[in-house]
Amino acid sequence: MISLGIEGTAHSIGIGIIQDVKGKCNVLSNNIKTYSPEKGGIHPREAANHHANYIADLISESVKKTQIDFSDIDIVSFSQGPGLGPCLRTVATAARALALALDKPIMGVNHCVAHLEIGKGTIDGCKDPVLLYVSGANTQVIAFAEGKYRVFGETLDVGIGNCLDKFGRSKGMEFPCGPKIEKLAKKGKKYLKLPYSIKGMDIAFSGLLTAAEQYVQKGEKLEDACFSIQETTFAALTEVTERAVAHTEKNEVLLGGGVASNKRLRDMVKTMTQERDASFFVPSQDLCIDNGAMIAWLGFLMYNSGIRMSIEESVIDQRFRTDMVDVNWRE
Amino acid sequence: MNKKIIYRGAEAEICLSKYLEEKAVQKRRIQKSYRIKEIDSFLISFRTKEEAKLISDARLYGVSVPIIYDVDLNEGVITMQYLEGKRIKDILNDLDEKERKRICKMMGKSIAKLHNNDIIHGDITTSNMILLDDKIHFIDFGLGSKNGEIETKGVDLHVLMEAFESTHSQHPDCFDYVLEGYKKEFSGNAGTVIKKIEDIVKRGRYR
């Protein structure tokens, strides 16, 4: 089957086209266009306008690039949530229009679950991982247990990407700030003690953010602050992931989300898995960030397991929780 | 000394040991090479100190816990009494109804004593309770904290509720018995804590 997926939960609009090959995901094309605000963070309405401007052309381009006809598409998938309301509605409208025009089934999917499934679908050996999903808005530790993907730990306030952006913006950096902070952190040497807040398997970042800003105001070097922020937040993320691995007795860890591009975070999680004799996986860069291919793949998995969705049921859900998804494509 | 590891968790390992002539257990927090030395040493010594303090505080307020023999903050080791009892998890399902009710009420009373003094255990499950000399002993305060908030107390009890659901589901009344005991002993308004548990269930985030 060929599935076309439309992603658009936040600042990126992505069109992915995939085909299933013996239970694995073959990505035929994966195009992403990212809205970057001139200043400040993502404005939901402006991001939605951006998506609306590009979505039609991006779909045509993707189909052309893939060298298929529109009639070859068997199913239209889209990101149903969680995400920014205006962005989700734009994407859902496009998906409905396309599905109706092609007279093909529509499938709304959970964005967080898609991040996990694309790892399983594209990486050999990745069968039953604990996912550390780290992006701007989302920071969750997800694993399969008792018929569902469950959230074992998550942020109690802001996502890790958001935390990095907030700090970066206060120091005049442009969105996205993560890569800039990573670069500066390499030059940092002095560890400035920051609050390390773990509650059970959950994490909080807001106290740390304030403390880091105060250090810089008091004259500490920006490089040292960046280094300390990365070391503290990533250690906490690695710790909750390890707790989830121990608790669920699994032996695979998968990284996902935009912040998974950070090399220091990758190294820390990898070291942790090596010490536990567990496997460590990261999808390729374009499948790690928000993308249409993962949406297309999850849409296929759901459809293939017998799930059907009517246009009426394709209403978006800004607060679509990971554990609300009935997972009947896994035993 | 020959040390036999009896349990290995994500953060610490437990091994059998001796203190003077007494049978003892050692809880050792493991160094993690993924984090920098500064964070690693701080977390290990801070958490060791916090846990030892919570355990000795609990004893002070009349809750049965292992006696602490020694604390080594540099090594992150707590040496404590070996409890020659049975885990509640292993015996609860086999008790008769009357006895199960008595034990569960006892649990509730002990938890209330902890909460009356703002001690949050953080991981109240039936594997972390040991029955010895007809008293329930609480072990593993590794996720514990000092906190007076109703929310935190609710979460603390909610963990136990889930433990009952997953491990003792054939006896659905257990948690009600615990709350019965809790209400008797809790010095504040137990109703607000119980209301909080319902809120947490509704949020649906916790399993």
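It should be emphasised that the depicted structure is a prediction, and the values quoted were computed from it without experimental measurement. Each chain gets a letter, A, B and so on, in the order the sequences are listed, and its residues count up from 1.
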Less than 3.5 Å apart, which donor and acceptor atoms pair up between the side chains of residues 68-79 of chain B and the rest of the protein, not counting sequence neighbours?
residue, atom, partner, partner atom, Å
B:D72, OD1, B:N74, N, 3.1
B:D72, OD1, B:E75, N, 3.0
B:T79, OG1, B:Q26, NE2, 3.2

Inter-residue atom distance B:S110.OG - B:Y61.OH, 0.5 Å rounding = 15.5 Å

ask   = Do B:F141 and B:H121 have their ring centres less than 6.0 Å from each other?
value = yes

message = Centre-to-centre under 6.0 Å for B:F164 and B:H171, is that the case here?
response =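 Ring centres of B:H171 and B:F164 not closer than 6.0 Å.
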
inquiry  = Please enumerate all residues that pass side chain to side chain donor-acceptor pair (under 3.5 Å) together with B:Q170, with sequence neighbours excluded.
reply    =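 Residues passing side chain to side chain donor-acceptor pair (under 3.5 Å) with B:Q170: none at all.
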
ask   = Has A:K180 got more than 12 heavy atoms of other residues, nucleotides or ligands less than 6.0 Å from its NZ?
value =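 Check passes, neighbour count above 12.
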
Per-residue contact mode, B:I36 against chain A (heavy atom under 4.5 angstrom) = both

task = Heavy-atom distances under 4.5 Å only: say whether B:F42 touches chain A with side chain, backbone, both or neither.
result =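 Just the side chain, heavy atoms under 4.5 Å.
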
ask   = With under 30° as parallel and over 60° as perpendicular, where do the rings of A:H111 and A:H115 fit, or are they tilted in between?
value =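 Answer is perpendicular, since the angle exceeds 60°.
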
request  = Indicate whether any N or O donor in one side chain lies under 3.5 Å from an N or O acceptor in the other, for A:R321 and A:Y149.
outcome  =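 Absent: no donor and acceptor within the cut-off.
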
inquiry  = For A:Q140 and A:T322, which I'm curious about, is there any donor-acceptor pair between the side chains at under 3.5 Å?
reply    = yes

Cationic N near anionic O, under 4.0 Å, A:D128 to A:K120 = no

Best-contacting candidate, A:R243, A:R276, A:K148, A:M324, against chain B by heavy atom pairs under 4.5 angstrom =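 Ranked by contacts with chain B, first place is A:R243.
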
ask   = So which residues of residues 253-270 of chain A are in contact with chain B at a heavy-atom cut-off of under 4.5 Å?
value = A:R264, A:M268

message = Report, in residue-number order, which members of residues 209-237 of chain A are under 4.5 Å from chain B by heavy-atom distance.
response =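 Within residues 209-237 of chain A, the residues under 4.5 Å from chain B are A:F227, A:E231, A:T232, A:A235.
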
Heavy-atom pair count under 4.5 Å with chain A, highest-scoring of B:L43, B:D40, B:I30 =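 Greatest number of close heavy-atom pairs with chain A: B:L43.
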
message = Given the ring of A:F167, does A:K171 sit roughly above its face, with NZ or CZ under 6.0 Å from the centre of the six-membered ring and within 45° of the axis?
response =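 Positive - A:K171 is close enough to the ring of A:F167 and near enough to its axis.
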
message = Name the residue from B:K109, B:H115, B:K153 that meets the side chain to side chain donor-acceptor pair (under 3.5 Å) definition with B:Y182.
response = B:H115

ask   = Side chain, backbone, both or neither: which part of A:Q274 has a non-hydrogen atom closer than 4.5 Å to chain B?
value =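 The answer is neither part of A:Q274.
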
